[in-house]
Amino acid sequence: MLSPLVSWKHGRPLLVMAASGLMVLEVVMLAIHATGMDAGPAVTNLALIAMTATVLWKRAHEVRQAPGPAARQRSEQTFT
């Protein structure tokens with residue numbers, strides 16, 4: 001969890017990978033609790049899935065909005 005604080009460039013992929021794995025685990029646990037008719041744990045898993053999905057959605061949105069290497073090179077060339 002501290003890797004994004006140390007280096008965002010190297011920590012972001014680790015955060016996304018961890019969030020993806022956590023999402024899979026939460027969905028599996030939701031299925032287990034839902035088939036066992038455990039309402040409390042199933043609702044808790046839904047809340048956890050919502051939080052994790054938000055992290056993944058924001059990170060994916062951040063990556064889509066980031067300019068590519070070609071755009072960075074063009075902006076650097078205009079300053080020189």
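When reading the values below, keep in mind they use all heavy atoms of this one structure, side chains included, and skip hydrogens, waters and symmetry mates.
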Nearest-0.5 Å distance that lies between atom CG in Leu22 and atom CE in Met29: 12.0 Å
Spacing of Thr44 atom OG1 and Leu30 atom CG [to the nearest 0.5 Å]: 10.5 Å
Could you see if Val43 belongs to whatever hydrophobic cluster contains Val28? Use Ile, Leu, Val, Met, Phe, Trp, Tyr and a side-chain cutoff under 4.5 Å. no
Nearest heavy-atom neighbours spanning His33 and Ala42: CB-N, 4.0 Å
Residue pair Leu56 / Ala19: nearest heavy atoms and the distance that separates them: CD2-CB, 3.7 Å
Under the 3.5 angstrom rule, does the side chain of Thr35 hit a backbone N or O of Ile32 as a donor-acceptor pair? yes
Here the pair of heavy atoms bringing Leu48 nearest to Glu26 is O-OE1, 3.3 Å
